[in-house]
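Some notes on the structure that comes next.
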Amino acid sequence: MAIYLNDVSRTFGEYLLLPGLTTKACIPSDVNLKTPLVRHAAGETPAIELNVPFVSAIMQSVSGTELAIELARNGGLSFIYCSQPIDEQAEMVRKVKKFKAGFVISDANVRPEQTLADVIKVAEATGHSTIGVTEDGTSNGKLAGIVTSRDYRIEKDPLSMKVKDFMTPFAKLIYGQAGIPLGEANRILWEHKLNALPIIDHNGHLVYFVFRKDYDSHRNNPEELSDKTKKLLAGAGVNTRDYRERIPALIDAGADVLCIDSSDGYSEWQKDTLAWVRQQYGDAALIGAGNVVDSEGFRYLVDAGADFVKVGIGGGSICITREQKGIGRGQATALIDVVQARDEYCRKTGVYIPICSDGGLVHDYHMVLALAMGADFLMMGRYFARFDESPTKTLRIGNNYVKEYWGEGSNRAHNWQRYDMGETELLKFEEGVDSYVPYAGKMKDNIAVTLGKIKATMCSCGATSIKTLQQNARITLVSSTSIVEGGAHDVILKEQNR
C-alpha cells in the first residue's frame, strides 16, 4: 500500500512570526540581506552571493533582458527564460553582461568611409548612441574617431554623408591608455565632462569604452550585483533536452549561473543533465536544479551535483500542477522538510547547499517567513511580472492597468521541455494559466518598499542578517479565525483616491 505522511501540508499563510527582542542595534539601515547563491564549504565565502535574496522566475512573461538588468542593479539576479531558441537566449545574456561593465568592449563600430545611413543602422541594431570609428570597422581596429547622437541630425543631414566628415576625429579625442585603473578612467570622464572615454593600446587600437552612465548607475544602485570586472551578473535557465547545445552557448555568452527549469526535478533527466555539466566543466560551471518538495528529492539532486536546489511544486499563482496532476506539497511544509535535509547534509559533509523557495508567496511578510524557515533566497514570478521592466504588455481593463502574465506550463508558452518525460514534443495538458497581474510601476520603487518591510520585520524578530533570523526566529501556527483577525475587520473602510 501507499506510504502515508502524518504531517499536514501547510502554506506560509498558516504561520506568523513572534516578535523577539529588538535591541538598539536592530535598525533597518543595519540589516544585511547578503545570502549565498551556490554551494560552498561551510564557513567559507561562496562563488556568488546575492545582495538581496531575490531571483526572478525562469518565465517568458518575467525574465527578459530589461528585468534582468534592473534586478541585478538592485542586488538580485534573473534567470533568462529558456523556452526560446538558443541563440536568442544567449543574446539576451550578452546584453545583460554588456550593460554595465566598467571597461566595455565596443560592439557598435563603423569605418570612416561608411555613411550616416550605416551609423543609423548600427545604432538601431545595438541600441547604442556612442559608436566607435575604426579603420577596419571592428571593435579593436585602429581608432579614427567616435560618433555620438550629437554629431548628426537625422532630419536634416543627408544619409549619404561620410562618417569621416561628421565624426569627432582622433586628434580631438581625450582617451585613456590600456591598463588604466577604472577609478582613474572615471576621474578623466568627470574632469573633462565626457560621456564616454575610449581606451586604446600602444598601437592606437580601440580596446574599450568607459561610460559616465556606468558610474552614475553604480552610485545610484549601491546594492548592484556585479563581478570583479564590474559586469552585472546574469543567470539563465536550461532544460533537460537540448542542454548539450544550450549550455555551451550560454556559458560562452557570459552566463554566471544556470538553473534547470522543471516543475518536477526529482528525475533521472535532471541527474543526466547535471552529470553532463560536471563531466564537461567540472566545478567551473554553476548550476541549480529542482523543483523538489522533500528530503529525498533534495538529496538526489545534491548527490547528482546541483549547486543549489529549488523547492516548490504547485504553489505559484499561475501554476495548476496540483489541480491537474494531484502532486505537490504546501510550500511551508516542503521548505521545512528540505531545509532540515540541507542542514543534516552540511553537518555530515561540511558543504552548504543553498535553498531557493519558489512559489507560494502571497504577501511580503511571507518572504520573511520563507527566509526564517531556512530558504537562502526566493524565486518569484508574479511579483516581478507587475513591473515596467517585465517583457509583457501593459493593458487597461476597465479602470485598472494590468500586465499580462502566463505560466510556462500554459499552451501560450509552448514549453514542453519543462515537463520532460522522455516522450514526444507535445504539451498534452496545461499546468499553468494565462492571466493578468495588477500593474505596479517601476521595479526600483516597489522593491524598495518590499525590502523596507523585510528589514523592519527582521528587526522586530531581533535579527540583522538572514543567518541570525534563521537561528533566532520563532514561528507559530495560526487558526483560521486569527488569520481574519490579522487584517482590517469590523470597520467600514474609507474610499481612497487613486
Side-chain angles (χ1 to χ4, degrees), residues 27-35 37 48-59 61-81 92-93 95-102 127 195 211-227 230-235 256 361-368 370-371 377-395 400-405 436-459 466 498:
I27 57 175
S29 59
D30 286 344
V31 172
N32 184 347
L33 293 177
K34 276 186 175 292
T35 190
L37 181 72
I48 299 178
E49 280 186 306
L50 301 174
N51 291 329
V52 300
F54 294 167
V55 299
S56 65
I58 310 170
M59 300 174 67
S61 55
V62 178
S63 294
T65 300
E66 189 176 352
L67 189 129
I69 290 171
E70 188 63 15
L71 183 52
R73 293 171 74 191
N74 283 278
L77 181 84
S78 282
F79 286 93
I80 302 292
Y81 66 91
M92 281 188 172
V93 172
K95 287 181 179 178
V96 178
K97 299 303 293 184
K98 289 177 180 178
F99 177 79
K100 173 170 186 319
N195 289 321
F211 294 100
R212 179 171 178 163
K213 67 180 178 64
D214 289 348
Y215 176 84
D216 292 337
S217 171
H218 182 69
R219 184 183 60 182
N220 294 330
N221 296 280
E223 298 296 334
E224 189 173 83
L225 190 67
S226 57
D227 61 21
K230 305 301 182 183
K231 293 183 180 180
L232 296 178
L233 265 58
D256 298 283
L361 301 171
V362 180
H363 303 292
D364 287 354
Y365 82 88
H366 290 172
M367 300 177 189
V368 187
L371 295 170
F377 57 98
L378 315 171
M379 178 172 279
M380 298 181 287
R382 179 188 60 86
Y383 179 84
F384 291 113
R386 304 172 301 144
F387 301 149
D388 285 326
E389 295 83 2
S390 74
T392 63
K393 297 177 182 177
T394 303
L395 306 172
N400 300 312
Y401 285 95
V402 297
K403 294 207 72 172
E404 293 182 297
Y405 179 47
Y436 302 108
V437 289
Y439 168 68
K442 294 184 179 298
M443 179 195 295
K444 190 173 186 65
D445 298 334
N446 285 274
I447 208 169
V449 173
T450 298
L451 293 175
K453 290 181 184 179
I454 290 174
K455 291 179 178 181
T457 304
M458 289 174 62
C459 288
I466 293 174
R498 296 188 181 276

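When reading the values below, keep in mind they use all heavy atoms of this one structure, side chains included, and skip hydrogens, waters and symmetry mates.
- With sequence neighbours excluded, the residues satisfying side-chain contact (heavy atoms from CB on, under 4.5 Å) with A57 are M59, M379.
- With sequence neighbours excluded, the residues forming a side-chain contact (heavy atoms from CB on, under 4.5 Å) with D30 are I27, listed by chain and number.
- Distance OG1/T35 to CG/N51: 10.5 Å, rounded to 0.5 Å.
- Remark: R73 pairs with E70 by the salt bridge (charged side-chain N to carboxylate O under 4.0 Å, His left out) rule, at least two apart or across chains.
- The CG atom of N74 sits 6.5 Å away from the CE atom of M443 when rounded to the nearest 0.5 Å.
- Take S56 and apply the side-chain hydrogen bond (donor to acceptor under 3.5 Å, both in side chains) test, not counting sequence neighbours, and it matches S63, S78.
- Side-chain atoms of D256 never come within 3.5 Å of backbone atoms of G235 as a donor-acceptor pair (strictly under, hydrogens ignored).
- In terms of the salt bridge (charged side-chain N to carboxylate O under 4.0 Å, His left out) criterion, D445 has no residue partners (sequence neighbours excluded).
- Rounding to the nearest 0.5 Å gives a distance of 5.0 Å between CG of L451 and CZ of F54.
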Practice task
Could you please spell out the steps behind the side chain to side chain contact (heavy atoms under 4.5 Å, CB included) verdict for V55 and L378?
Solution key: CA-CA 6 Å; V55 299; L378 315 171; over 6 Å; no

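- Remark: K444 pairs with no residue by the salt bridge (charged side-chain N to carboxylate O under 4.0 Å, His left out) rule, at least two apart or across chains.
- The side-chain contact (heavy atoms from CB on, under 4.5 Å) test applied to P28 returns K455, C459, not counting sequence neighbours.
- The structure places CG of L67 at 11.0 Å from CE of M92, a figure rounded to the nearest 0.5 Å.
- Annotation: ring-ring contact (aromatic ring centres under 6.0 Å, His included) contacts of Y436 (sequence neighbours excluded): none.
- E404 contributes no side-chain N or O that, together with a main-chain N or O of S61, makes up a donor-acceptor pair within less than 3.5 Å.
- The aromatic rings of H363 and H366 lie perpendicular to each other, with more than 60° between the two planes, well past the 30° mark.
- Separation of atoms CD1 (I454) and CG (L371) is listed at 6.5 Å; rounding is to 0.5 Å.
- Listed by chain and residue number, nothing satisfies the side-chain hydrogen bond (donor to acceptor under 3.5 Å, both in side chains) test with K442 (two or more places apart in sequence, or in another chain).
- When the side-chain contact (heavy atoms from CB on, under 4.5 Å) test is applied to K403, the partners found at least two apart in sequence or on another chain are S390, T392, T394, V437, Y439.
- For N446, there are no side-chain hydrogen bond (donor to acceptor under 3.5 Å, both in side chains) partners two or more places apart in sequence or in a different chain.
- A side-chain donor-acceptor contact under 3.5 Å links N32 to the backbone of K34.
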Exercise for the section: Start with the C-alpha distance between L77 and L71, add both sets of side-chain angles, then the distance that settles side chain to side chain contact (heavy atoms under 4.5 Å, CB included), and finish with yes or no. Expected result: CA-CA 6 Å; L77 181 84; L71 183 52; 5.5 Å; no

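- Judged by distance alone, with hydrogens and angles left aside, the side-chain atoms of Y405 form a donor-acceptor pair with the main-chain N or O of R382 at under 3.5 Å.
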